[in-house]
Amino acid sequence: MARWGMVIDLDRCTACQACVVACQVENNVAPATADQAAAGRAISWLRLVPIQGEKHGTRPDLQLMPLPCMHCSHPPCIKVCPVKATTIDHEGLVAQVYPRCIGCRYCTTACPYTVRHFNWKKPEWPQPMEESLSPDVSVRPRGVVEKCSFCHHRLQKAKDRAHAEGRPLKEGDYLPACAESCPAEAIVFGDLDDSRSAVVRLSQSPRAFKLLEELGTEPKVTYLSKGEWGGQV
Amino acid sequence: MDKSELGQDIRLLRPIERTGRGFWIFTGILLAIGAWGVFAWFNQLRRGLAVTGLNVPVYWGLYITNFVFFIGISHAGTLISAILRLAHAEWRRSITRAAEVITVLVLFFGMACVILDLGRPDRVMNVIMHGNFSSPLLWDVCSVSLYLIASTIYLYLPLIPDIAILRDVLPRRQWLYRPLALGWTGTPRQHHLLERAISIMAIIVIPIAVSVHTVVSWVFAMTVQPMWHSTIFGPYFVVGAIFSGIAAILLAMAIIRKAYHLEDYLKPIHFNNLGLLLLVFSLLWFYFTFAEFLTTYYGGEPMHMAVFLSKTEGKFSPLFWTMFVTCFAIPFPLLANRRTRGTVWGCVVASLSVEVGMWLERFLIVVPSLSNPRLPLTAATYTPSWVEWSLFAAFVSIFMLLYAIFTKLFPIVSIWEIREGRESSVKEVSTRVESYLPGPVESAS
Ligand code: SF4
Ligand code: SF4
């Protein structure tokens, strides 16, 4: 059984935000209107967040770090949901069940990474964009919570394709939109249970660290960096 | 029973029989505020939670603060009254009813606050259909419902003999009182059964009440967020709840006493005794707050310190220090001084101050922790919107309105318990005191 995980190499990341845009388009995340963005309510499954790092060579001390859902192995968000609207599946993906969520926002307050978003308003797209929504991802109604899904609809497609071709799923078949779009190849995705996969190799690197590991959430997203900023976050 | 038998206690029926102009004006104002709240609520239903001041990461604000606050107030009635009854505190007789009504009514508002806060109130039944028992919110649903049922029974039982009196003396409202009186005639057997039922309920409601606010605190404490994840939150919340609850009873008593001229029934001694209880709780509050903040400060973990500092010297510090003044610096001297504690105004000022302080405490638990998440992402600050304030005002008004209506339907001071006190307790108490003293034991009657 696969256990999907991601490695983000901060030393490669140029903070170009291609992943952010790819995610937004892939997952039908509506762009925030100006007033909502000003109110601090923009929805973004993957954000570049400013982190106070350590000055390192020519690197400035304020850095940007891509922050998706960590797909924790012990997710604090799931325990607290009163209606089981957020669940973890057997491949380790933490999913959100939009038609069941009552919008109590307990999961958003319990997630230590602040990666969950609430639909304060009905999502709206500017005219031409409305017609190019992805048919693979449901559009969320007002009043429910959403977050990064590791593009699990792509997993479904990859499985179908592999099945049709009569072969097992292989490395690279299933990639989230962010990993696919990163021009610096800073985002690597794969099976953490497959010892030959790139994610396993990279997460054994001495540069590897995880966010807020001390909380015991066991994130499945690993960061790589030469600097010491793992401890600073 | 007819009116002549009631003697001076006939006064207690006066609010039910006659309604003055003042009452209608009061009702009118409260209804207007309530109607404004309905308008605000429709606004929210139409436009969603975007009408609040909430944002990322401050996902919870005034509604959750009010939820904790209202559920806290509910500890006024049932819990205090049960403890006083079990302790045979004779001075309880004229205040238990007024206290118990607060509990039953305010619980509805506490629950309504959570529903207001939902993004999808239309799906609230999912909590029952797909309940996840590992969620503290579900524990809340269970314990609050249980508390509501238990306190309604506990309010109703001691009402029965009084409803029977009303049935006998007020022929106009037979349709209401006759079924509710359950055929009470006051036989010794009925009395015996009633007393038993009341004592059993009094014992049952105490653990339920304690569980209610413990579980409310766990909604916060079970997460790993800074300054929420604390083991003393359970008792800290219960103490705060009883603290704000006692203040609520004192305020209700002062208003009833003034509005219905019940100076003979709600005497300075009642205020004095409850004031003493409030004093004890203000000390307990101080103790818990001190313990909580010192632990955080001494540990000095950066994440926790961020929240700590935002409260003590950051942007929440004006609220924090107001909370300290209103929860402790004002009520403590007022209540510690026998001369001010023994007066109605002394208790009223202290209680008003405590209510403000306890509301601030709830706010300062909910909002600063959310404003300082572990991963510092947004610099958002939370300012509650007019919708949130309006709904808060409306809830308080409708609560007061329902309370006022209760006093127009049922005696707010228990008639039969006062009569019982007059007829039998005096003797009972002197026998009890005698039994404590050395000397030959007299017949144990
Ligand atoms: S990062 Fe947050 S939302 Fe994602 S699994 Fe962990 S706790 Fe849940
Ligand atoms: S907001 Fe939705 S997913 Fe989150 S805890 Fe509430 S019901 Fe569950």
Side-chain angles (χ1 to χ4, degrees), chain A residues 33 35-36 38-44 47-52 65 67 70 76-87 97-122 141-145 211-212 214-217 232-233, chain B residues 47-60 63-64 114-115 117-141 219-220 222-226 228-229 301-303 366 369-370 373-383 385:
Chain A
T33 53
D35 62 319
Q36 290 299 295
R41 292 173 179 165
I43 297 182
S44 179
R47 279 171 300 173
L48 289 196
V49 299
I51 297 288
Q52 193 69 39
M65 163 188 265
L67 186 75
M70 299 288 123
C77 56
I78 287 181
K79 278 192 281 193
V80 300
C81 174
V83 296
K84 300 184 193 138
T86 179
T87 53
V97 189
Y98 312 123
R100 183 180 284 185
C101 171
I102 58 173
C104 65
R105 305 186 302 296
Y106 196 177
C107 54
T108 56
T109 60
C111 166
Y113 303 94
T114 325
V115 295
R116 292 180 154 265
H117 285 274
F118 180 71
N119 283 277
W120 305 95
K121 285 194 149 176
K122 187 170 177 293
R142 184 182 87 192
V144 304
V145 161
L211 293 182
L212 303 178
E214 68 277 16
L215 296 179
T217 51
Q232 305 288 315
V233 211
Chain B
R47 291 165 50 204
L49 285 171
V51 298
T52 64
L54 298 166
N55 54 44
V56 188
V58 191
Y59 283 107
W60 283 349
Y63 296 149
I64 296 293
V114 179
I115 297 189
D117 190 62
L118 294 186
R120 295 298 303 247
D122 53 317
R123 293 183 183 167
V124 65
M125 288 318 277
N126 280 4
V127 174
I128 292 162
M129 288 182 315
H130 308 288
N132 172 17
F133 271 97
S134 68
S135 167
L137 267 189
L138 213 73
W139 309 345
D140 254 340
V141 171
V219 168
F220 304 98
M222 291 295 152
T223 70
V224 290
Q225 304 301 35
W228 279 5
H229 193 49
E301 262 196 72
M303 305 273 182
V366 176
S369 282
L370 290 175
R374 287 184 191 264
L375 278 177
L377 307 173
T378 31
T381 43
Y382 166 64
T383 322
S385 72

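Naming: A, B, ... by sequence-line order, numbering from 1 per chain.
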Sub-4.5 Å side-chain heavy-atom contact between B/Asp117 and A/Arg105: yes

Parallel, tilted or perpendicular: ring planes of B/Trp60 versus A/Tyr106, cut at 30 and 60 degrees: tilted

Options A/Cys111, A/Ala85, A/Cys101, A/Ala42, ranked by heavy-atom pairs under 4.5 Å with chain B, top entry: A/Cys101

CE/B/Met125: more than 12 non-hydrogen atoms of other groups inside 6.0 Å: no

Heavy-atom proximity to chain B below 4.5 Å, by part of A/Ile43: neither

Residue selection (most heavy-atom pairs with chain B, distance under 4.5 Å) from A/Thr108, A/Val80, A/Asp35: A/Thr108

Per-residue contact mode, B/Trp228 against chain A (heavy atom under 4.5 angstrom): side chain

A/Leu215 versus chain B, the contacting section by heavy-atom distance below 4.5 Å: side chain

Closest non-hydrogen atom pair between B/Pro57 and A/Thr114, with its separation: CB-CG2, 3.6 Å

Interface residue of largest heavy-atom contact number with chain B, from A/Arg41, A/Lys79, A/Lys122, under 4.5 Å: A/Arg41

Gap separating the CZ atom of A/Arg47 from the CG atom of B/Leu375, nearest 0.5 angstrom: 9.0 Å

4.5 Å side-chain heavy-atom contact, B/Arg123 and A/Val144: yes

Region of B/Leu370 that comes under 4.5 Å of a non-hydrogen atom in chain A: side chain

Chain A contact via B/Thr223 - side chain, backbone, both or neither, heavy atoms under 4.5 Å: side chain

Least distance between heavy atoms, B/Arg47 atom then A/Arg142 atom: C-NH1, 3.5 Å

Interface residue of largest heavy-atom contact number with chain A, from B/Leu118, B/Asp140, B/Val224, under 4.5 Å: B/Leu118

Side chain / backbone / both / neither for B/Thr52 at chain A, heavy atoms under 4.5 Å: both

Least distance between heavy atoms, B/Asn132 atom then A/Ile78 atom: ND2-O, 3.5 Å

Nearest non-hydrogen partners of B/Leu137 and A/Pro82, listed with the distance: CD1-CG, 3.9 Å

Which of A/Gln36, A/Arg100, A/His117 touches chain B most, by non-hydrogen pairs under 4.5 Å: A/Arg100

Interchain contact, B/Ile128 with chain A, by part (heavy-atom threshold 4.5 Å): neither

Interchain contact, B/Val141 with chain A, by part (heavy-atom threshold 4.5 Å): neither

